[in-house]
2 protein chains.
Amino acid sequence: MISKKTKYAINALVYLARQHQQGPVLISQIAREQHIPQKFLEAILLDLKNAGILNSKKGRGGGYYLIKKPEEVNMAEVMRLFDGAIALLPCVTHRYYERCEECVDEASCGIRDVFQEVRNETVNILKRSTLSEIISREEQMKQR
Amino acid sequence: MISKKTKYAINALVYLARQHQQGPVLISQIAREQHIPQKFLEAILLDLKNAGILNSKKGRGGGYYLIKKPEEVNMAEVMRLFDGAIALLPCVTHRYYERCEECVDEASCGIRDVFQEVRNETVNILKRSTLSEIISREEQMKQR
DNA sequence: TAAAAGTCTATAGAATTAATAGAGTTATGT
DNA sequence: ACATAACTCTATTAATTCTATAGACTTTTA
């Protein structure tokens with residue numbers, strides 16, 4: 001399961017992507033409308049800003065806004081930022097690789113092979129799932 | 001990430017499947033050869049027995065052995081047994097369904113739609129990954 | 001009938017996740 | 001200039017889950 005942090009992050013991003021290029025949005029507004037604890041959300045938005053996805057403006061009339069294009073922000077990136085590796089085994093990730101302590105022979109491990117496949121397929125799906133993709137799917141679903 | 005419990009379970013199952021129909025295997029032997037803490041393994045094997053995958057024989061010459069055919073035990077089943085749902089979101093599972101508390105409108109949720117896809121693809125892969133499938137892949141990898 | 005082997009209950013330590021509190025800093029509009 | 005709105009940072013805590021261990025008990029069989 002993904003963490004609440006990731007889920008909150010995605011929801012906030014979709015919310016902000018919907019008002020792309022309409023100026024900064026208050027943290028308090030995002031928190032209220034997306035049902036996210038405000039203090040928790042502050043930390044999340046800050047991480048997204050440090051990752052170069054959002055930017056913020058201080059003072060009166062300030063808030064957070066998207067700086068990447070909605071079609072350039074994908075779910076794999078967001079998940080990695082908050083939950084780390086996407087793979088289900090430490091020995092099948094590129095960036096967070098770690099050997100399984102109990103492993104007898106990694107090179108011929110059939111389990112590893114299976115989860116390698118799961119990881120690849122999952123990353124493929126998550127990479128093509130961008131904010132704009134999500135929003136356009138939502139519009140389609142609403143129309144029916 | 002999957003839990004160590006699931007990982008240990010899979011390793012123990014593959015180990016037992018390799019000696020299918022050759023009589024009971026000692027817990028202590030599985031623990032030693034697969035590098036699994038023995039007491040922890042005992043609990044795992046018991047769960048697998050209660051799930052109808054293994055059976056045990058007590059007393060001298062006893063131990064655990066596979067009662068399902070190796071081609072009938074798949075990774076989806078094992079993962080669900082120890083880690084619960086395979087899906088990454090509570091709202092996209094069949095057996096463990098739960099609404100996301102913070103969700104504004106589930107019916108038109110684009111995030112849900114994405115993770116639905118991930119879940120379906122993952123379950124497909126895990127279901128076709130049986131013990132015999134894993135073992136035959138391992139044989140292939142060893143030959144090279 | 002003793003030893004080998006599985007079964008069961010309880011507990012504890014470690015790690016992670018989720019959430020909150022509060023002080024501090026910065027930018028803005030008037 | 002300056003009050004205010006808003007973001008930033010550090011600590012702390014509560015809750016949950018995961019991993020592992022201990023020990024007593026029961027069953028089976030040579």
Side-chain angles (χ1 to χ4, degrees), chain A residues 1-12 16 23-32 34-51 53-67 79 81-85 88-90 96 98 100-102, chain B residues 1-12 16 23-32 34-51 53-67 79 81-85 88-90 96 98 100-102:
Chain A
M1 291 276 171
I2 65 175
S3 65
K4 289 208 169 185
K5 214 166 176 175
T6 298
K7 233 196 301 182
Y8 291 156
I10 299 175
N11 278 301
L16 287 175
V25 181
L26 294 186
I27 294 182
S28 58
Q29 182 186 339
I30 306 173
R32 189 174 355 100
Q34 294 297 307
H35 307 149
I36 305 171
Q38 175 155 350
K39 274 297 190 179
F40 203 21
L41 179 61
E42 285 179 17
I44 293 167
L45 295 175
L46 206 48
D47 285 343
L48 289 169
K49 177 180 170 179
N50 292 331
I53 298 173
L54 300 181
N55 204 356
S56 65
K57 194 183 173 197
K58 293 185 177 185
R60 193 170 204 131
Y64 276 95
Y65 56 94
L66 202 63
I67 45 175
M79 269 195 68
L81 193 56
F82 294 102
D83 284 352
L88 295 174
L89 283 181
Y96 305 91
E98 228 174 294
C100 294
E101 317 167 57
E102 72 278 7
Chain B
M1 292 276 172
I2 65 176
S3 65
K4 289 210 168 184
K5 215 165 176 176
T6 298
K7 234 196 300 182
Y8 291 156
I10 299 175
N11 278 300
L16 288 174
V25 181
L26 294 186
I27 293 182
S28 58
Q29 182 185 339
I30 306 174
R32 189 173 356 99
Q34 294 297 306
H35 308 149
I36 305 172
Q38 176 156 348
K39 274 295 190 180
F40 202 20
L41 178 60
E42 286 178 16
I44 293 167
L45 294 175
L46 205 49
D47 285 343
L48 289 169
K49 176 181 171 178
N50 292 331
I53 298 173
L54 300 180
N55 204 356
S56 64
K57 195 183 171 198
K58 292 185 178 185
R60 193 170 205 130
Y64 275 95
Y65 55 96
L66 202 63
I67 44 175
M79 270 196 67
L81 193 56
F82 294 102
D83 284 353
L88 296 173
L89 283 182
Y96 305 92
E98 228 175 293
C100 294
E101 316 166 57
E102 73 278 8

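Since the model is a prediction, treat every value here as computed from it, not as a measurement. Sequence lines set the chain letters: A, B, ... in the order given, protein chains first and strands last, and positions in each chain run from 1.
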Using a 3.5 Å cut-off and no angle test, enumerate the donor-acceptor pairs between side-chain atoms of residues 55-64 of chain B and protein atoms at least two apart in sequence or in another chain.
from  : atom 1 : to    : atom 2 : distance (Å)
B:S56 : OG     : B:K49 : NZ     : 2.9

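Atom CD1 of residue B:I36 and atom CD of residue B:E42 lie 12.0 Å apart, to the nearest 0.5 angstrom. Atom CG of B:N11 sits about 10.5 Å away from atom NE2 of B:H35, to the nearest 0.5 Å. Distance CD/A:Q34 to CD1/A:I10: 12.0 Å, rounded to 0.5 Å. To the nearest 0.5 Å, atom OG1 of residue A:T6 and atom CG of residue B:L88 are 10.0 Å apart. To the nearest 0.5 angstrom, A:M1 atom CE is 10.5 Å from B:D83 atom CG. In this structure, CG on B:L54 lies 5.0 Å from CG on B:L48, to the nearest 0.5 angstrom.
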Considering only nitrogen or oxygen atoms on both sides, find all protein atoms under 3.5 Å from nucleotides 9-14 of chain C and state each distance.
none

Strictly under 3.5 Å: I want the nitrogen or oxygen pairs between protein and nucleotides 15-17 of chain D, one per line.
none

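Helix bend of the helix from C:dT1-D:dA30 to C:dT30-D:dA1: the angle between its two end axes, each built from five pairs, comes to 10° after rounding to 10°.
Residues B:G23 and B:Y65 come closest through the heavy atom pair O-CB, 4.1 Å.
If you measure from atom CG of B:L26 to atom P of C:dA3, you get 18 Å, rounded to the nearest angstrom. Taking atom CG on B:L54 and atom P on C:dT7, their separation rounds to 10 Å, with Å as the unit. Atom C1' of nucleotide C:dT17 and atom CD of B:E101 are separated by 13 Å, given to the nearest angstrom. Going from atom CE of A:M1 over to atom P of D:dC18 covers 11 Å, rounded to whole Å. Distance CD1 (A:I27) to P (D:dT4): 20 Å, rounded to an integer number of Å. With rounding to whole Å, B:N55 atom CG is found 14 Å from C:dT7 atom C1'. The separation between B:E102 atom CD and C:dT17 atom P is 16 Å, rounded to whole Å.
Neither OP1 nor OP2 of D:dA6 sits under 4.0 Å from any side-chain N or O of A:S56. Residue B:Y65 has no polar side-chain atom (N or O) positioned under 4.0 Å from OP1 or OP2 of C:dG6.
Remark: B:K5 engages B:S3, B:F40, B:I44, B:D47, B:F82 in a side-chain contact (heavy atoms from CB on, under 4.5 Å) (not counting sequence neighbours). Residues passing the side chain to side chain donor-acceptor pair (under 3.5 Å) test with A:Q38: none are found, sequence neighbours excluded. Annotation: side-chain contact (heavy atoms from CB on, under 4.5 Å) contacts of B:A12 (sequence neighbours excluded): B:I30, B:L41, B:L45. Residues satisfying the ring-ring contact (aromatic ring centres under 6.0 Å, His included) test with A:Y96, not counting sequence neighbours, are none. With sequence neighbours left out, A:E101 forms a salt bridge (charged side-chain N to carboxylate O under 4.0 Å, His left out) with B:K4.
Contacts between residues 37-50 of chain A and DNA chain D, defined by a heavy-atom separation below 4.0 Å, involve A:K39, A:E42, A:L46, A:K49, listed by number. Scanning residues 2-12 of chain A for heavy-atom distances under 4.0 Å to DNA chain C yields A:S3, A:K4, A:K5, A:Y8.
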Which letters describe nucleotides 25-30 of chain C, given B = protein heavy atom under 4.0 Å from base, S = only from sugar-phosphate, - = neither? -SBSS-

